[in-house]
**Student:** 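Next up is a structure, given as structure tokens.
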Amino acid sequence: MPITFLGRALIAGVAALAMTMISARPANSEPKDDPIAWITQYENDAAAADLAGDVSFYQKNLTDDWSDGMSNGQFQTKKELISDLTDKAHNITFHETLANMKVRVYGDTAVANYTETYDALTSGKRVAKTIITTDTFVKVGGQWKLAAAHSSAVGHP
């Protein structure tokens with residue numbers, strides 16, 4: 001059965017829509033040739049996820065064995081972070097800003113350093129402070145993932 005002009009136009013329209021959807025990336029997907037831009041965007045998306053209480057952001061973007069050396073002197077695993085973020089009665093971020101971002105890439109590994117100022121309810125206690133953080137990223141299956149983080153509190157003179 002021959003395809004009519006209208007049928008060809010419909011097929012072309014569907015094909016164009018499909019190509020647009022394939023080429024469109026979510027906000028936190030990796031620019032193919034700019035890991036510095038991707039990691040910088042990741043860090044800003046993470047701050048937005050904190051403010052929104054978006055647990056899925058961390059479920060997707062952390063390695064399974066992720067660990068965090070927190071500014072309170074404790075270590076935290078991915079499982080513990082997800083549990084904390086799910087407990088919205090005791091863990092809420094009210095304000096968070098990032099500054100002094102620097103990203104360095106070494107093949108399939110990258111390091112981001114930045115200063116973060118936040119005000120949050122953490123384990124039921126209000127905490128407002130400034131910290132410096134180092135995040136270590138690895139490329140896993142073609143995608144950048146956060147593998148480790150370490151933060152230290154900034155002393156105020």
Side-chain angles (χ1 to χ4, degrees), residues 17-18 20-157:
L17 179 60
T20 301
M21 293 175 68
I22 289 168
S23 66
R25 293 190 313 255
N28 65 354
S29 68
E30 179 189 353
K32 291 183 185 204
D33 50 356
D34 195 354
I36 292 173
W38 186 91
I39 290 168
T40 301
Q41 185 63 52
Y42 168 91
E43 298 292 8
N44 288 301
D45 289 349
D50 291 344
L51 292 169
D54 182 2
V55 178
S56 68
F57 178 84
Y58 293 103
Q59 290 169 324
K60 175 184 174 190
N61 291 299
L62 302 180
T63 59
D64 290 338
D65 61 350
W66 172 86
S67 64
D68 182 11
M70 299 185 299
S71 64
N72 66 4
Q74 302 289 316
F75 281 103
Q76 185 176 50
T77 65
K78 180 179 181 178
K79 182 179 178 181
E80 291 166 335
L81 173 67
I82 299 303
S83 176
D84 285 350
L85 292 174
T86 304
D87 180 5
K88 297 187 188 310
H90 296 98
N91 299 286
I92 303 167
T93 301
F94 301 110
H95 174 79
E96 182 174 347
T97 58
L98 307 180
N100 308 316
M101 180 76 59
K102 182 177 180 182
V103 178
R104 300 173 317 277
V105 179
Y106 308 96
D108 288 344
T109 305
V111 176
N113 299 106
Y114 56 91
T115 303
E116 176 182 345
T117 301
Y118 68 89
D119 179 8
L121 187 66
T122 305
S123 298
K125 295 180 181 152
R126 190 80 180 245
V127 178
K129 64 171 138 177
T130 300
I131 60 176
I132 55 173
T133 298
T134 299
D135 285 341
T136 303
F137 293 83
V138 294
K139 205 167 196 181
V140 179
Q143 296 289 335
W144 286 102
K145 300 273 185 175
L146 182 58
H150 183 269
S151 300
S152 297
V154 174
H156 295 287

**Student:** Might you work through the side-chain contact (heavy atoms from CB on, under 4.5 Å) test for Ser71 and Ile131, ending with a clear yes or no?
**Tutor:** CA-CA 7 Å; Ser71 64; Ile131 60 176; 3.6 Å; yes

**Student:** Quick check: closest heavy atoms across Pro35 and Trp144, and the distance to 0.1 Å?
**Tutor:** CB-NE1, 3.6 Å

**Student:** Locate the shortest heavy-atom distance separating Val138 from Ala147; write the atom from each residue and the value.
**Tutor:** CG2-CB, 4.1 Å

**Student:** From Asp45 CG over to Thr40 OG1, what is the distance, rounded to the nearest 0.5 angstrom?
**Tutor:** 10.5 Å

**Student:** Please report, to 0.1 Å, the donor-acceptor pairs under 3.5 Å made by any side chain of residues 104-112, with sequence neighbours excluded.
**Tutor:**
residue, atom, partner, partner atom, Å
Arg104, NE, Tyr106, OH, 3.2
Arg104, NH1, Asn113, OD1, 2.6

**Student:** Of all the heavy-atom pairs spanning Trp66 and Ala148, show the shortest one and how long it is.
**Tutor:** CD1-N, 3.8 Å

**Student:** Please find the pair of heavy atoms, one from Asp84 and one from Asn91, that lie closest to each other, and give the distance.
**Tutor:** O-ND2, 3.0 Å

**Student:** Is there a side-chain contact between Ile36 and Val103, using heavy atoms and a 4.5 Å cut-off?
**Tutor:** yes

**Student:** To the nearest 0.5 angstrom, please state how far the OG1 atom of Thr77 sits from the CD1 atom of Ile82.
**Tutor:** 9.5 Å

**Student:** Quick check: closest heavy atoms across Leu85 and Lys88, and the distance to 0.1 Å?
**Tutor:** O-NZ, 3.4 Å

**Student:** Taking Asp65 first and then Lys78, would you say they form a salt bridge - that is, a charged N and a carboxylate O separated by under 4.0 Å?
**Tutor:** no

**Student:** Please determine whether side-chain contact (heavy atoms from CB on, under 4.5 Å) holds for the pair Leu146 and Leu62, giving the CA-CA distance in whole Å, both sets of side-chain angles, and the decisive distance to 0.1 Å.
**Tutor:** CA-CA 5 Å; Leu146 182 58; Leu62 302 180; 3.7 Å; yes

**Student:** Among residues two or more places apart or on two chains, list those pairs meeting ring pair (Phe, Tyr, Trp, His ring centres under 6.0 Å) that have a residue in residues 112-141.
**Tutor:** Tyr42-Phe137

**Student:** Specify the closest pair of heavy atoms between Thr130 and Thr115, including all atoms of both residues, with the distance to one decimal.
**Tutor:** CG2-CG2, 3.5 Å

**Student:** Do Gln74 and Asp68 have side-chain N/O donor and acceptor atoms under 3.5 Å apart?
**Tutor:** no

**Student:** Backbone N or O of Val140 within a donor-acceptor pair of the Gln143 side chain at under 3.5 Å?
**Tutor:** no

**Student:** Treating Ser83 as the side-chain partner and Lys79 as the backbone partner, does any N or O pair qualify as donor plus acceptor under 3.5 Å?
**Tutor:** no

**Student:** With ring pair (Phe, Tyr, Trp, His ring centres under 6.0 Å) as the rule and sequence neighbours excluded, what pairs involving residues 70-92 come up?
**Tutor:** none

**Student:** Could you tell me the separation between the NZ atom of Lys60 and the NZ atom of Lys145, rounded to the nearest 0.5 Å?
**Tutor:** 7.5 Å

**Student:** Rounded to the nearest 0.5 Å, what separation is found between the CG atom of Leu81 and the CE atom of Met70?
**Tutor:** 9.0 Å

**Student:** Apply the side-chain hydrogen bond (donor to acceptor under 3.5 Å, both in side chains) test between Asp119 and each candidate in His95, Lys129, Arg126; give the one that qualifies.
**Tutor:** Arg126

